[in-house]
*Asks:* 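This is the structure I have questions about; it appears just below.
Order of appearance sets the numbers: ligands from 1, and atoms from 1 within every ligand. Fair warning: this is a prediction, and the values are worked out from it, not measured in the lab.
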Amino acid sequence: MRVPEWRPALTAAHDAALDWLEHLSERSVRPDVDYDAMYEALAEPMPEEGLPPEQVISELAAAVKPGLMAMNHGRFFGWVIGGAMPAGVAADWLVAAWDQNTAMAEPTPGVSTLEAVTAEWLLQLLDLPRTSSVAFVTGAQVANLVCLVAARDLVLADVGWDVEGDGLVGAPPVSVLVGEFVHHTVGKAVRILGLGESRMVEVAADDNARMRPEALAEALSAVTGPAIVCAQAGEIATGGIDPLAAIADVVDARRGHAPTWLHIDGAIGLFGRASGVLAPKFAGAERADSWCTDAHKWLNTPYDCGIAIVRDREAHHRAMTLHASYLPQPGAARDPIDWNPEMSRRARATAVYATLRSLGREGVAEIVERDCEMARLLADGVRAIPGAEVCNEVELNQVLVRLHDPAGQDDDAHTRATLSRLQASGVAYPSGTTFRCQAAIRFSVANWATDADDVKQTVSALALAHCGAA
Ligand SMILES: Cc1ncc(COP(=O)(O)O)c(C=O)c1O
């Protein structure tokens, strides 16, 4: 076997990574240059000849750095994004070095066992039925999909239709009921599943974007046959948590006479169940049939890792398993290939294992509780700015802000302009949205590092941007 010299390239990567991570807090949150400038700098014809690996890494790191968003900065509040932590990042380096195709347990007992143990830890941490099955996928989009494949297949099997064998042509209709503020990835999953995104039944929500259980009961009573209800634990704009126990009651009442599955999209909020303080907000979640969440959001692992959890292991297994004569034959061990849509895959759970091992339950609880506290502090600071309004009930880690135009003209345009100025300042980076037809700025506090000083600097920068200064 030819043995390359590993050290120079890995040392170059190590130096570049530390240069990035150790100076993160001093740099602008936003990238210094945009896509066009990056393209100008990077685009060149496919090289004929190669270069020494260490030179490739040093040059690549230097060239890309101006275009990097400091997503793991304590004042990055865009979308819903956690910041990677030391154990997770270091574990991810090992994943690349080990280069294990983590599909089957027999050839990869090290990382496959790590994955099985991580699955057990997650069920304990999130206090979900301990016999549930778990899949580690790229993100909540795919986790929603995996859960909903199992859901579709089982509710159809319950009325005698084998969708896995016979497909959907001629199948009984399946009703999918979602909250008015369902995340778009659920709609996309429903589309991929062939259940028809535009056929989803939308259930009315309250002021904080939480599904109304009485509206769900009414909507469910209007559909016959198999049904899938998708609830949400953490709405993208408000952080609103659906009343999960009341929703589970409504679903349970229907289960007796028609196949009904309850799925919870907990991409944002489910890790709140790790905290004794926050867990009561999610009471009833354990009664669902499937759950999706993201490790790369509130657990603060490096990208990427979503998690799909299904109560009925058999349904999950049937939906995802794959066997071929050239692969090791299934044994007693848990084979990752049985639970994911992918065949070949990286040892994605390794960074989750390392993050959980380094934080412990107490550390996870501390992060989610602190982020909620920082969100409340941010909301208090915003309310003290004349002309600024917090539009949501801050029940979790999301703060939705609207700025009134001092000239009394156009609040939407003023809110969007304030967002642009704030992002351009480099001090903090929230993202924008339209909520109930009005422009708003969304602050998502999902980073382990965000502290009171970050909040103070963000509120000052927002006040300045509101006055028209970047
Ligand atoms: C509620 C919800 N579901 C699903 C997703 C999709 O997550 P991912 O980007 O990890 O696929 C998000 C992303 O923010 C979300 O907020």
*Asks:* Using a 4.0 Å cut-off to any heavy atom of K297, which atoms of ligand 1 qualify?
*Replies:*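 Listed by number with element, the hits are 7 (O), 8 (P), 9 (O), 10 (O), 12 (C), 13 (C), 14 (O).
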*Asks:* Considering only the protein, which heavy-atom contact is closest to atom 1 (C) of ligand 1, and what is its distance?
*Replies:* D265 OD2, 3.4 Å
*Asks:* Check the angle between the aromatic planes of Y429 and F76 and answer parallel, tilted or perpendicular using the 30° and 60° thresholds.
*Replies:* parallel
*Asks:* Compute whether any side-chain donor of one residue and acceptor of the other, for T260 and R254, lie under 3.5 angstrom apart.
*Replies:*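 Short answer, yes.
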*Asks:* Any atoms of ligand 1 less than 4.0 Å from a non-hydrogen atom of D294? List them with their elements.
*Replies:* 7 (O), 8 (P), 10 (O)
*Asks:* For ligand 1, which atoms have a heavy atom of I268 less than 4.0 angstrom away?
*Replies:* 16 (O)
*Asks:* Return yes if a side-chain donor-acceptor contact under 3.5 Å exists between R442 and S431, otherwise no.
*Replies:*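 Side-chain D/A pair, R442 to S431: present.
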*Asks:* Which protein heavy atom lies closest to atom 4 (C) of ligand 1, and at what distance to 0.1 Å?
*Replies:*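 Result: T185 OG1, 3.1 Å.
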*Asks:* What protein heavy atom sits nearest atom 5 (C) of ligand 1, and how far away is it?
*Replies:* H183 CE1, 3.4 Å
*Asks:* Can you tell me if E235 has a non-hydrogen atom under 4.0 Å from ligand 1?
*Replies:*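 Contact check E235 vs ligand 1: negative.
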*Asks:* Which of the numbered atoms in ligand 1 are under 4.0 angstrom from any heavy atom belonging to G139?
*Replies:* 10 (O), 11 (O)
*Asks:* Do any pairs count as a ring-ring contact (aromatic ring centres under 6.0 Å, His included) and have a residue in residues 263-293, sequence neighbours left out, and if so which ones?
*Replies:*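 The answer is none; no pair qualifies.
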*Asks:* Measure the shortest side-chain to side-chain distance between V178 and V201 over non-hydrogen atoms and say whether it is less than 4.5 angstrom.
*Replies:*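 SC-SC contact between V178 and V201 ruled out.
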*Asks:* With no hydrogens and no angle check, is any side-chain donor or acceptor of R130 less than 3.5 Å from a backbone partner on L128?
*Replies:* yes
*Asks:* Heavy-atom contacts under 4.0 Å between A267 and ligand 1: side chain, backbone, both, or neither?
*Replies:* side chain
*Asks:* Do D265 and N144 have side-chain N/O donor and acceptor atoms under 3.5 Å apart?
*Replies:*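 Yes, because at least one side-chain N or O of D265 sits under 3.5 Å from a partner of the opposite role on N144.
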*Asks:* State the atoms of ligand 1, each with its element, that fall below the 4.0 Å cut-off from a heavy-atom position in I236.
*Replies:*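 What qualifies from ligand 1 is 14 (O), 16 (O).
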*Asks:* Salt-bridge test for D451 and R370: reply yes if a basic N is under 4.0 Å from a carboxylate O, no otherwise.
*Replies:*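 Salt bridge between D451 and R370, a charged N being under 4.0 Å from a carboxylate O: no.
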*Asks:* Quick one: which ligand 1 atoms are inside 4.0 Å of a heavy atom on Q141?
*Replies:*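 Once the distances to Q141 are compared, the set is 6 (C), 7 (O), 8 (P), 11 (O).
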